[in-house]
Colleague: 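Pasting a structure here, questions to come.
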Amino acid sequence: MGLFHLHMGLNFLKVTFIILFKEISIAEPMASSPLLATSLPHNQLTTTATVTAGRYRLPPPEKLAVLIEKSKSVDELLQIHAAILRHNLLLHPRYPVLNLKLHRGYASHGKIRHALALFHQTIDPDLFIFTAAINTASVNGLHDQAFSLYIRLLSSEIAPNEFTFSSILKSCSTESGKAIHTHVLKLGLWMDPYVSTGLIDVYAKGGDVTSAQKMFDRMPERSLVSSTAMITCYVKQGNVEAARALFDRMCERDIVSWNVMIDGYAQHGFPSDALMLFQKLLADGTSKPDEITVVATLSACSQIGALETGRWIHVFIKNNRIRLNVKVSTALIDMYSKCGSLEEASLVFKETPRKDIVAWNAMIAGYAMHGYSQEALKLFDEMRFVTGLQPTDITFIGTLQACAHGGLVNEGVRLFESMGQEYGIKPKIEHYGCLISLLGRAGQLKRAYEIIKNMKIEADSVLWSSVLGSCKLHGDFVVGKEIAEYLIGQNITNSGIYVLLSNIYASAGDYEGVAKVRNLMKEKGIVKEPGISTIEIDNKVHEFRAGDREHMESKEIYTMLRKMSERIKSHGYVPNTNTVLQDLGEIEKEQSLQVHSERLAIAYGLICTKPGSPLKIFKNLRVCSDCHTVTKLISKITGRKIVMRDRNRFHHFTDGSCSCGDFW
DNA sequence: CATCTTCTAG
């Protein structure tokens, strides 16, 4: 770099310097930074950048670089930056490191514009600052900028190195990744572990397992990190078996690899495997669980309703000094609400500082799930008016669900309309689902059906089940059959829809219709999704299917079932066999109801827990109306509170009635 | 003078 360049550079610098300082008030008292106190008098620092150089001693450049790295705030960086500028050291050809360190310093404090401004004022940027700038842009999601920097680098005839590729790959789609891949090959850098891991990651993100696998197989050395990247790739594809196989083959594991595997199970429908792996992690003892581990594990607890395990993890978090950041708190709120303990959920919520929209969403959804509609809506208002946070589409799922569960038709419709009008959020199928269930529950089935017909999005099976369920509930067989006729002509694969269709025909006394649906199911090979209920006792989750005799204490359970059956009959219970799908006689139908999975779970709970203690049951499908009636009676006879989570919501049974008000 | 893998709400 010639003298002329240096000169130009410094002139340019002064301008940039002022621009930089505009963003952060320089009038802030500089005394807050003791770092430079010995060598740099504050009063001089607080004056303008035009102070002439050399009035006080500056630490040597090597020391300055260390000071930049140690800076704990942007203020400190700005002071050092100012000092360097005043001594004309920033673009000094002998100390390019200062520019680089400042760039990284600003970037690490989230001052992306400051960091990139430093790059843009650099004359003849070298590979280091180029790579640093590309990395900064990539990490912060400025992918277009990262690419234009990369292109500028190529045209400057400096060859990118492994560091550059590792940075630019973070901005790559599969398309651009392939292009970069060719550059990597051309420059012979594919053996580098960082580059190949980056490539695996790009292919993983694009769902291209084959290319990722190829990359991985050709690596000369499979590092811990690249194996973890490959596991991530399998997991993203939903192939947990392949992921686990590789995980088991690894000779060393760190907490990240454990986390990827645990979360992989939790997010792909294997929550109990996630919990088992968490146990293994603890037993293994080589890696220490962190925030991410507990978030994944709590999510697994939420899914199977493992309240005891969830509580245990809460204690574990406290005892192991795991930081209770907003994500962990939200995972706890979600776990407690989904495991039936709204009290504990709201306790965690109250104690969460700096709640973000996700935390609010989780709590609102929690109240909605449990049928506390007013509380959910109050929370929504509090969020908007007190914190000023912007609701998201998910916020509206919570509030609309609250309205649906509370039968608040007008509020719900108004909320639905305000979504687009006030917040510019386009309703998704889930929002329509809430609206339809709201109207359905209120018996406005024609209106619901009209909305479905006029929707711009195509109705899904959730929506149809919702209307059909409401038709059944309100005995509206006119609309019900109309929808049924329409749906039978469609190519539906969702088993739940067929069950409901058959229920509707059965309730309407149309046995030809029932036969038609049953034949259709046979033709298409559609099997009813099995109902599975679980109950957690002493930290162990017990699983039951209808008619199940797998359980160790099966004999006692069936004895208890018979005993309960007699007692509820003496309380005037008459079985409602309308919903039984099989072609059976009345007695057999009654028997098939008696062994529904939720009843097995309740019976087991009655055997294993102290009289009077509450029971918590979880079911993967919606609770059937007969079981709902029976559970109400059991709560009355035994004096127990029974909390039941079904696919849709929570039911709190107390003394013969249910919090859902018999609409669900 | 440096680069890679994990994160909550429906």
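Sequence lines set the chain letters: A, B, ... in the order given, protein chains first and strands last, and positions in each chain run from 1.
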Colleague: Tell me, please, which residues at least two apart from A/F618 pass ring-ring contact (aromatic ring centres under 6.0 Å, His included).
Modeller: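 If we apply the ring-ring contact (aromatic ring centres under 6.0 Å, His included) test to A/F618, skipping adjacent residues, there are no hits.
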Colleague: Identify the 5'-most and 3'-most nucleotides of DNA chain B with at least one atom closer than 4.0 Å to a non-hydrogen atom of chain A.
Modeller: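 Contact boundaries, 5' end first: B/dC1 to B/dG10.
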Colleague: Taking side-chain contact (heavy atoms from CB on, under 4.5 Å) as the test, write out the residues that go with A/D254, two or more places apart.
Modeller: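 Counting only residues at least two positions away or on another chain, A/D254 forms a side-chain contact (heavy atoms from CB on, under 4.5 Å) with A/L224, A/V256, A/S257.
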Colleague: Can you list the residues that meet the side chain to side chain donor-acceptor pair (under 3.5 Å) rule with A/Y234, with sequence neighbours excluded?
Modeller: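 With neighbours one apart ignored, the set is A/Q213.
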Colleague: Can you list the residues that meet the ring-ring contact (aromatic ring centres under 6.0 Å, His included) rule with A/H143, with sequence neighbours excluded?
Modeller: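 Expected list: none.
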Colleague: Below 4.0 angstrom, which residues in residues 289-300 of chain A have at least one non-hydrogen atom near DNA chain B?
Modeller: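 Within residues 289-300 of chain A, the residues near DNA chain B are A/I292, A/V295.
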Colleague: Checking all strands, does A/K355 fall into the base, sugar-phosphate, or nothing category for heavy-atom contacts under 4.0 angstrom?
Modeller: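 Nothing, no nucleic acid heavy atom in range.
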Colleague: Holding to ring-ring contact (aromatic ring centres under 6.0 Å, His included), I want the full list of residues that pass it with A/F247, two or more places apart in sequence or in another chain.
Modeller: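 A/W258.
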Colleague: Where along residues 256-263 of chain A does a heavy atom fall under 4.0 Å from DNA chain B?
Modeller: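 Here the set is A/V256, A/N259, A/V260, A/D263.
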Colleague: How would you list, by chain and number, every residue that makes a side chain to side chain donor-acceptor pair (under 3.5 Å) with A/T286, sequence neighbours excluded?
Modeller: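 Expected list: A/D284.
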Colleague: Output all residues satisfying side chain to side chain donor-acceptor pair (under 3.5 Å) with A/S227, sequence neighbours left out; order by chain, then residue number.
Modeller: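 Partners of A/S227 by the side chain to side chain donor-acceptor pair (under 3.5 Å) criterion come out as none, since no residue qualifies.
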Colleague: For A/T174, give me all partners under side chain to side chain donor-acceptor pair (under 3.5 Å), at least two apart in sequence or on another chain.
Modeller: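 Here no residue qualifies.
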Colleague: Check ring-ring contact (aromatic ring centres under 6.0 Å, His included) between A/F270 and all other residues, then give those that pass, not counting sequence neighbours.
Modeller: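 Expected list: none.
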